Every structure is written in C-alpha cells, then in structure tokens.
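Structure first, then comments.
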There are 2 protein chains.
Amino acid sequence: MAGLTAPLLGLQKKSLREQALSALRTAITSGELEPGRHLVETELSEMLQISRGTLREALRQLEQEGLVSAGPRGRLSVRHLDEKEIRDIYAVRAALESLAARTLCELPERQHVTESLHRAIDVMTAATSGSLEERIESDLEFHRTLCRLTGNETLLHSWESLEGSIRMSIMFAGLEKGVSNMSVDRHRDIVTAIDTGDAALARKTILEHMDTAAANLVS
Amino acid sequence: MAGLTAPLLGLQKKSLREQALSALRTAITSGELEPGRHLVETELSEMLQISRGTLREALRQLEQEGLVSAGPRGRLSVRHLDEKEIRDIYAVRAALESLAARTLCELPERQHVTESLHRAIDVMTAATSGSLEERIESDLEFHRTLCRLTGNETLLHSWESLEGSIRMSIMFAGLEKGVSNMSVDRHRDIVTAIDTGDAALARKTILEHMDTAAANLVS
DNA sequence: CTACGACCGACTGTAAACAGTCGACTTACG
DNA sequence: CGTAAGTCGACTGTTTACAGTCGGTCGTAG
C-alpha cells in the first residue's frame, strides 16, 4: 500500500486529480485495494498526499467507471463483482466491440486500420513471454485500438468507461483465467475478418471471442 | 437563467451535489446553457448557491457524461455536437439497445417485461397530445425501461451515461425533428418483436428504429 | 506608430477548516 | 442481568481561503 504514493511523486505533468485517478485505478485493478474494502477519504487523501477535495473529484469518476460503489451515507467501497456481473459486463463489451468491428468493415480506407491492428498484435506476440500484467495490458490495448480506429469518439469513450470493470473482471476471476483468453491467433482472426470487409463475419468473430472470454472467466 | 436556482431550493432530500447535477443537466439539455458556452465555476456556484468544491464534483460527472467538454487549462464549456457526433452517438445507442432487445428475447419469463413495456407505451400515447418535452421524456423512459428490464446493470448504466448525449442530440437537431421519431407504432413494433422472442427480429427492429431516428436528426 | 514589458484581473488547482450524522460503546436504571 | 438513554468518535458533506497561471491591457521606449 505504501507504493500508492510513488506514482504521484513521479511525473508532475498532469493535475493531481488525474494522477490520483490513475493511482487509484491501478491500486484497485491490481488488487492492492481488495474488493469490498471500505474507502475512507481522509485515509486515502493522506496516502496520496492530496487534499480531500481533490480526492473526491477522482472518486466521483471512479464511481462512474464502476470501480467503486456507494453504500449508505456516501460510504464508498471497492466494487465486488459476482459471476453474473462479469457476464453482464462482457455482454456490453461485446456489443460495443462488435459495433467497432462492423464500423471498421464499412470504412473505405482500411489499409491504415489493418496496419495499426497488426502492430497491436505484434505487441501482444512480444508480450507472450512477458508477465501476466504485460499480456493483459497488450490485450486491452488491442481492443482499445479497435474502438479508437473507428473514429467514433463516443464508442471509444463508452469502451474506456467500461475498461475498469473489464480489468476488475479479469482480476476477480484470476489472472491465469484471464490470460487464457489472450491467444494471439484468436485476435488475428478478428483482424482478418475486418480486413476482408465482411461485416457479418467480423461481428460474429468478435461476439464469439467475447463469449469465450466471458465463459473462461466465470467457469 | 434565473430559473437555475429554483430546482435546488425545492426538495432537499438529495445531496447538494446531486441537486446541482440535475439542475445543470436540465439547464444544458434544455438549451438554457447553450452549446459552446464557457462554464465559469465561480459564476455557476453563485447561481446554484453552492460552493465551488461541490460544484466541481458535479462538473466532473457531467464531463464524464459528455455534456461538457474540457478545453485548455481545465476550462469547461457546454459540448457542441456536429452531425457526425450525433450519428456516432446513435450508433452506440443502437448497439446498446439492440443488446437489450436480444437479451429480453432470451429471458424465460417475458410476461412481466411485456407488461412494463406496454405501460411505457401507454405513457407515450398519453403524451402525444402533450408538450414536446413530455413526448421526449416518455420516449426516453421507454428506451431506458428497455435497458432496465434486462437486469443487466452495466447495460443500464452505460445507456444512462449516454442519455445526456442523446438529449443533446435531440436538442441540437431541433425538438421538432426529435419528436418525429417518437411514433407510438414504431415502438409497439419493438415490443411485439420482443414478445415473439425472435431475437434476430427484435435486434433488426431496434437497429432500424435507431437508424431512422439518427437520419431524421441529421437531415 | 509599433513593439516590448510590467502590471492586473479572472479562473482554475489545491488545501484546510467547519458542520452534521450515524454507529458503537458506555453507563445508569429497572 | 437486560435494556435504554447518553456520549464519544469516525466519516462524509460543504464551505471558505489561498496559490498559481494565463491573457489582456496600458504605458513607454525605439
């Protein structure tokens, strides 16, 4: 828990609020702040060396992202996910990413898209020999790229709002299970489907990928 | 603009932050705070009769919902939507609601669902003779109900995060255009499709509805 | 007339203090 | 011994005050 302050003392480019946000996100999705844990404002603000006001702004955003949940009298605690919630999260994720895949198929200029996705896959490939965290990171980056390339800012924003919940799902289910979803081949299939421009196929590929992923997590 | 304080002085059950949030949401989606308008914290806090700290928490959430956008040095202004953004918002909305329709079709116990949706349609029907605002309200309530009935909290939350943007789309395009999408019959079709349990049909019906709606808004 | 520089005002970022509320523990009374 | 009132402590809700920064303006020198 002492490490919580470190990220803050580092690069001072962003506002304290954003730094606190990142630090808290990391602390929660890494399990440093375990699910169900009660978050006391005074405690956290002291840990992060920031004032309560600044901290509260960050907490609001975390609440919106679904990483912390509010109890009675505004008491916040780290959200705890059950299996149904994980399935629900992945259902929404599937809906968003299938839209992304469909959109990309309809793009007139797909050369650049395919290139970017291949680069993302290369990163994933390089990470296969790395740590679990690295593999998860590269996987999420691939999917985020999928959404970003559509040029639909709303879609990207919605996906990013869900990202925290996705990370919690993986963490809650266990990193090993989570990583089992990150086969490079499966992702290559997605890119191939998009490359052909077959929207129905691309959508189907994504939906199956998400289905498998969710099933692996809750099994 | 003077009316901005009224909602706050009313029911004092919710926290000031939540009241400010509602008041600002209403002010923005009603056009009282026009798109592009620069939001000065001291100005707003004085208007709403709350402190800046409390206000800032509300503004963070509005930012997350896409109703206000951040400029350089944290300057906030009311978001301005162009036609592409409206199309993008409706694409995401369509993805979410088609998931909702599909999910509802797969529910074993659809009796209660159908009843609730019919009630929502009755409200819409009653609103046909009402004001534009009432009609919009009842329409959104129908679609929100669609998401709520799935029992997927994440889906509902994602939809609600988008709700502000949807309202802005309607307002930006003009209330008349927006209301043209609110044919009771079209919505009855959706319920019918769900009632039959045909997921593919329900999905298709929703997607077409959203497509038409978006087209009407940007035309 | 123009260009440069110091001041000034407006806002946001951040911190610290104040107030209210709920729960837990204690104590006194039956 | 059990119960109910009272008190204490811990947190959140909210406000007020302070600091830093950017942009504009006014004056002066070239």
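Residue numbers start from 1 in every chain, and the chains themselves are labelled A, B, ... in the order their sequence lines are given, proteins ahead of strands. All values derive from a computational prediction rather than experimental measurement.
Residue L39(A) is classed as a sugar-phosphate contact, given heavy-atom separations below 4.0 Å to backbone atoms only. Among the heavy atoms of the strands lying under 4.0 Å from R17(B) are primed sugar atoms or P, OP1, OP2 only; no base atom is included. Residue-level contact check: G53(A) touches neither bases nor backbone, having no heavy atom under 4.0 Å from any strand.
Between the CD atom of E57(B) and the P atom of dG13(C) there is a distance of 14 Å, rounded to whole Å. The CD atom of E41(A) sits 15 Å away from the C1' atom of dA17(C) (whole-angstrom rounding). Separating the CZ atom of R73(B) from the C1' atom of dT14(C) is a distance of 16 Å, rounded to the nearest angstrom. When the C1' atom of dG13(C) is taken as reference, atom CG of L55(A) falls 15 Å away, rounded to whole Å. Residue I50(A) contributes atom CD1, which lies 12 Å from atom P of dA16(C) at whole-angstrom precision.
Of the residues near DNA chain D, R52(B) and R75(A), the one whose nearest nucleotide (by heavy atom distance) lies more toward the 5' end is R75(A). Of the two residues contacting DNA chain C, namely T42(B) and S51(A), the nearest-nucleotide position lying further toward the 5' end is that of T42(B).
Nucleotides of DNA chain D lying under 4.0 Å from heavy atoms of chain A occupy a range whose first and last members, 5' to 3', are dC11(D) to dT14(D).
A salt bridge links R144(A) to E141(A): one of the charged nitrogens lies within less than 4.0 Å of a carboxylate oxygen. Salt bridge E163(B)/R93(B): absent, no basic N to carboxylate O contact under 4.0 Å. Between E63(A) and R60(A), at least one side-chain nitrogen of the basic residue sits less than 4.0 Å from a carboxylate oxygen of the acidic one, meeting the salt-bridge criterion. Between D139(A) and R135(A) there is no salt bridge, since no side-chain nitrogen of the basic residue lies less than 4.0 Å from a carboxylate oxygen of the acidic one. Here E43(A) pairs with R37(A) in a salt bridge; the nearest charged N to carboxylate O distance falls below 4.0 Å.
Under a 3.5 Å cut-off, the side chain of T150(A) and the backbone N or O of L146(A) do not form any donor-acceptor pair.
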